Amino acid sequence: MGDMRFFRNILAFLTAALLILLLFPAVALVSGAFGRREFIYAAARLVIGAVLAVLGVRAVLRGLDAVDRSRTPLIVSNHLSNLDGPLLVQVLPFNPRVMIKAEARRLPLVGWIMKLAGFVFVDRSSASRRQEALAEAVERITRTRCSFLVFPEGTRSRDGRMRGFKKGSFVIARRAGVPVLPVRIQGSDRLLPPGRKTCAAGTVEIECFPLQDPGAVAEEELGAFVQDLQRHIYGGQSA
């Protein structure tokens, strides 16, 4: 079993590297020169889908039918594994920009593509730079009406237990005038827990919940709004 998982992971890495190298010139031309960012997401879904297929990872999506897709959402999700971001980009039909740690900018080719796609890089070492990232996300949503994906715990759970949601992502939604789409992920930590280098095969469950409107509450009451949402949808804070 371990040998098969190792083989799948090596093959997945080679598949990703080959597809990225093959698609990069087209992405750079179409998206970089002509500003067609949707092409980035089409290429990303192709790469992610191929890699997940090689790894034997399957996502089951529920609840999307009950979501009003005519509105641009800010997507918030719990965060269990490095699989979470790629899975959500793969299955959700929103082409979301992502708030991601600043270190990701240094990834060869991928960091440049993330920047081209409109991702916002967050330097978590400085409060002022975190505020700058929030302001950049608000400006981008307001100007382009794009969706955003944020993990409000701030980082992956190390033990499967949920951390308290930070309210920054909800501040973004409130100031940009967009609703929040809560998404709950289950099972990704079993396949690729923090600290493990190889991913196991299996199924990840992703569930969408009805849109929430943080603009309906005063900003000073946003903390209570976030805690209530976390308690009802995610079962509250465990760590």
Side-chain angles (χ1 to χ4, degrees), residues 1-23 40-64 75-96 98-101 103-104 106-111 113-114 117 119 149-165 181-209 230 233-239:
M1 180 68 76
D3 289 343
M4 178 59 70
R5 183 168 70 193
F6 181 75
F7 173 75
R8 278 203 203 101
N9 278 258
I10 292 295
L11 184 57
F13 174 81
L14 294 175
T15 299
L18 177 61
L19 287 174
I20 289 171
L21 287 173
L22 288 174
L23 292 170
I40 297 177
Y41 287 89
R45 289 189 176 100
L46 175 62
V47 175
I48 293 169
V51 169
L52 292 177
V54 171
L55 291 173
V57 175
R58 175 174 172 263
V60 175
L61 178 64
R62 299 188 179 94
L64 188 61
I75 304 155
V76 298
S77 172
N78 59 320
H79 198 9
L80 299 171
S81 166
N82 279 336
L83 282 173
D84 298 342
L87 280 168
L88 291 175
V89 170
Q90 174 73 7
V91 303
L92 295 178
F94 295 110
N95 290 350
V98 182
M99 291 195 73
I100 192 167
K101 60 184 180 181
E103 293 84 349
R106 296 195 292 268
L107 293 171
L109 295 185
V110 175
I113 292 172
M114 288 178 178
F119 284 24
L149 168 61
V150 183
F151 296 107
E153 290 171 87
T155 187
R156 285 172 298 157
S157 170
R158 292 287 171 182
D159 53 12
R161 294 185 298 170
M162 180 174 289
R163 300 175 184 272
F165 280 7
L181 170 60
V183 175
R184 185 173 64 201
I185 296 177
Q186 293 178 291
S188 60
D189 54 328
R190 290 185 292 101
L191 307 186
L192 185 61
R196 182 188 287 172
K197 301 299 184 183
T198 58
C199 180
T203 299
V204 177
E205 296 183 1
I206 300 173
E207 186 170 4
C208 299
F209 293 84
Q230 184 175 9
I233 292 180
Y234 302 93
Q237 176 182 351
S238 302

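Not measured: the values here are computed from a predicted model.
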Write down the atom of [X], the atom of [Y], and the distance for their closest heavy-atom approach.
X	Y	result
S77	P152	O-CD, 3.3 Å
M114	A104	SD-CB, 4.1 Å
N9	C199	OD1-N, 2.7 Å
V183	Y234	O-OH, 2.9 Å
E153	N78	OE2-CA, 3.3 Å
V57	A200	CG2-O, 3.7 Å

task: Would you confirm whether S81, through its side chain, and L192, through its main-chain N or O, come within 3.5 Å as a donor-acceptor pair?
output: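 Judged by distance alone, yes, a pair lies under 3.5 Å.
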
message: For F165, is there any backbone N or O sitting under 3.5 Å from a side-chain donor or acceptor partner on Q230?
response: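 A pair under 3.5 Å: yes.
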
Can you give each donor-acceptor pair under 3.5 Å made by side-chain atoms of residues 40-47, sequence neighbours left out, with the distance rounded to 0.1 Å?
from : atom 1 : to  : atom 2 : distance (Å)
Y41  : OH     : P96 : O      : 2.9
R45  : NE     : V89 : O      : 3.0
R45  : NH1    : N95 : OD1    : 2.7
R45  : NH2    : V89 : O      : 3.3
R45  : NH2    : L92 : O      : 3.0
R45  : NH2    : N95 : OD1    : 3.1

Once rounded to the nearest 0.5 Å, what's the spacing between atom [atom1] of [X] and atom [atom2] of [Y]?
X	Y	atom1	atom2	result
L191	L83	CG	CG	6.5 Å
R5	K197	CZ	NZ	13.5 Å
L149	M99	CG	CE	10.5 Å
D189	N82	CG	CG	12.0 Å
L55	R8	CG	CZ	8.0 Å
C208	I233	SG	CD1	10.5 Å

query: Under the side chain to side chain contact (heavy atoms under 4.5 Å, CB included) test, which residues partner L22, sequence neighbours left out?
result: L18

Find out whether [X] and [Y] are in side-chain contact, i.e. whether some heavy atom of one side chain is under 4.5 Å from a heavy atom of the other.
X	Y	value
L64	V91	no
V51	L19	no
L88	I185	yes

Counterpart residues, salt bridge (Lys or Arg N to Asp or Glu O under 4.0 Å), relative to R62 (two or more places apart):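 Partners of R62 under the salt bridge (Lys or Arg N to Asp or Glu O under 4.0 Å) test: E205.
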
task: Apply the test side chain to side chain contact (heavy atoms under 4.5 Å, CB included) to residues L14 and V54: give CA-CA distance (whole Å), side-chain angles for both, the deciding distance (0.1 Å), then the verdict.
output: CA-CA 10 Å; L14 294 175; V54 171; over 6 Å; no

